[in-house]
Amino acid sequence: MSHEAIRTVFDTWATNGRAEGMEQGHGDVVAQVVGQMGIRPGMQSLDLGCGHGWATRLLGKAAPGATAIGVDVSPAMIAKAEETHDLTSRARYVLGTFDALDFKDGRFDRVFSMEAIYYAPDLTAALAEIARVTKSGGELHLLLDRFQESPVTEGWSADVGLEMAWLGVAEWEEAVRTAGFTDVTSSRVLDSRGPSDAADADRVALHEAGTLWIRGTRS
């Protein structure tokens with residue numbers, strides 16, 4: 001899989017309403033997690049796969065003086081993030097890829113990603129680059145709906161038309177640990193609103209599996 005293929009898909013999503021759908025679908029879980037990330041005044045956060053920037057903006061106003069930068073491979077998503085930016089969020093948006101982040105070593109106190117890291121063409125390289133830009137003692141927070149313990153999500157790669165990493169919980173934990181993070185833990189976060197369609201068995205199963213939250217501290 002290439003960055004160009006990913007860019008093409010997400011450029012399309014930026015113009016067909018899927019960007020807004022991501023915010024609607026994931027907003028409750030992200031709000032829960034951001035509220036537990038311990039973001040303190042003045043901290044700098046990085047949002048990987050920011051889309052149209054909705055989570056970046058949450059991170060950028062999580063504490064007084066906190067700031068956030070969103071990175072996305074899609075120029076159309078970055079343009080949409082700029083268009084929808086609000087003046088209450090200390091956030092900005094940058095075009096880039098996960099495996100070549102244009103930031104100095106140890107730049108960020110918190111690195112966050114919602115439903116994006118498994119698109120990385122080289123997951124090992126992406127996680128190593130994430131570790132590089134995370135401060136010693138800083139934290140990584142990965143949120144994933146697609147993982148092996150949620151079998152209803154296995155077919156998503158074919159549905160989207162992109163290769164996506166398909167790992168189990170223990171494999172995700174080990175990948176993060178190998179990249180240079182310690183105290184790696186995982187938990188499931190359930191959307192407090194319930195399944196998006198209680199009559200759809202797949203939607204119910206997706207809700208019951210929850211969103212996988214992988215956390216680690218940079219050594």
Side-chain angles (χ1 to χ4, degrees), residues 1-4 6-7 10 30 33-34 36-82 84-144 165 172-185 213-219:
M1 182 176 59
S2 67
H3 292 121
E4 290 73 20
I6 301 168
R7 184 177 299 118
F10 285 94
V30 168
V33 169
V34 170
Q36 298 179 60
M37 283 173 57
I39 298 174
R40 299 188 296 276
M43 279 190 169
Q44 299 182 68
S45 296
L46 176 64
D47 178 15
L48 292 171
C50 67
H52 78 300
W54 62 278
T56 317
R57 290 186 278 276
L58 284 178
L59 293 164
K61 53 188 174 186
T67 60
I69 298 175
V71 172
D72 204 281
V73 72
S74 162
M77 283 293 191
I78 293 296
K80 198 169 191 70
E82 296 285 2
T84 55
H85 183 71
D86 64 71
L87 297 179
T88 65
S89 303
R90 292 167 294 276
R92 64 184 180 92
Y93 318 97
V94 176
L95 188 66
T97 64
F98 297 169
D99 54 4
L101 297 168
D102 190 20
F103 305 109
K104 67 180 183 180
D105 294 359
R107 166 75 181 273
F108 296 99
D109 301 281
R110 299 287 185 269
V111 177
F112 171 90
S113 185
M114 176 72 207
E115 283 287 89
I117 189 64
Y118 48 53
Y119 290 108
D122 186 333
L123 181 60
T124 299
L127 289 172
E129 186 71 344
I130 290 167
R132 181 186 67 78
V133 301
T134 306
K135 287 181 181 178
S136 178
E139 296 176 5
L140 171 63
H141 297 265
L142 297 179
L143 294 178
L144 305 144
W172 276 111
E173 291 178 351
E174 182 59 25
V176 169
R177 193 175 293 113
T178 299
F181 292 89
T182 60
D183 301 321
V184 177
T185 61
W213 179 11
I214 302 285
R215 288 156 285 182
T217 301
R218 184 70 172 100
S219 56

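Residue numbers run from 1 in the order of the sequence given.
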Within the 4.5 Å heavy-atom criterion, are [X] and [Y] side-chain neighbours or not?
X	Y	result
V33	M114	no
F103	Q44	no
F181	I214	no
V94	D102	no
L48	L101	yes

Counterpart residues, salt bridge (charged side-chain N to carboxylate O under 4.0 Å, His left out), relative to E82 (two or more places apart) = none

Provide the closest heavy-atom pair for [X] versus [Y] in the form atom of the first, atom of the second, distance.
X	Y	answer
L144	Y118	CD2-CD2, 3.3 Å
F98	A120	CD1-CB, 4.2 Å
S2	P121	C-CG, 4.5 Å
T185	E173	C-OE2, 4.2 Å
A81	G51	CB-O, 4.0 Å
A55	F112	CB-CE2, 3.9 Å

Can you tell me how far apart [atom1] ([X]) and [atom2] ([Y]) are? Round to the nearest 0.5 Å.
X	Y	atom1	atom2	result
T67	I69	OG1	CD1	6.5 Å
I117	E115	CD1	CD	12.0 Å
I78	L95	CD1	CG	6.0 Å
L46	T134	CG	OG1	7.5 Å
L58	D47	CG	CG	9.5 Å
L140	S113	CG	OG	8.5 Å

Tell me which pairs pass salt bridge (Lys or Arg N to Asp or Glu O under 4.0 Å) where either residue lies in [range], with sequence neighbours left out.
range	answer
residues 88-99	none
residues 120-129	E129-R132
residues 70-80	E20-K80

What do the steps show when you test T97 against I6 for side chain to side chain contact (heavy atoms under 4.5 Å, CB included), and what is the final call?
-> CA-CA 10 Å; T97 64; I6 301 168; over 6 Å; no

Among all residues two or more places apart in sequence or in another chain, which pass the side-chain contact (heavy atoms from CB on, under 4.5 Å) test with R110?
-> M37, I39, R40, M43, S45, E139, H141

With sequence neighbours excluded, residues passing side-chain contact (heavy atoms from CB on, under 4.5 Å) with A175 = L127

Hey, does the side chain of [X] reach the backbone of [Y] with a donor-acceptor pair shorter than 3.5 angstrom?
X	Y	answer
T182	S219	no
D109	G138	no
R218	K135	no

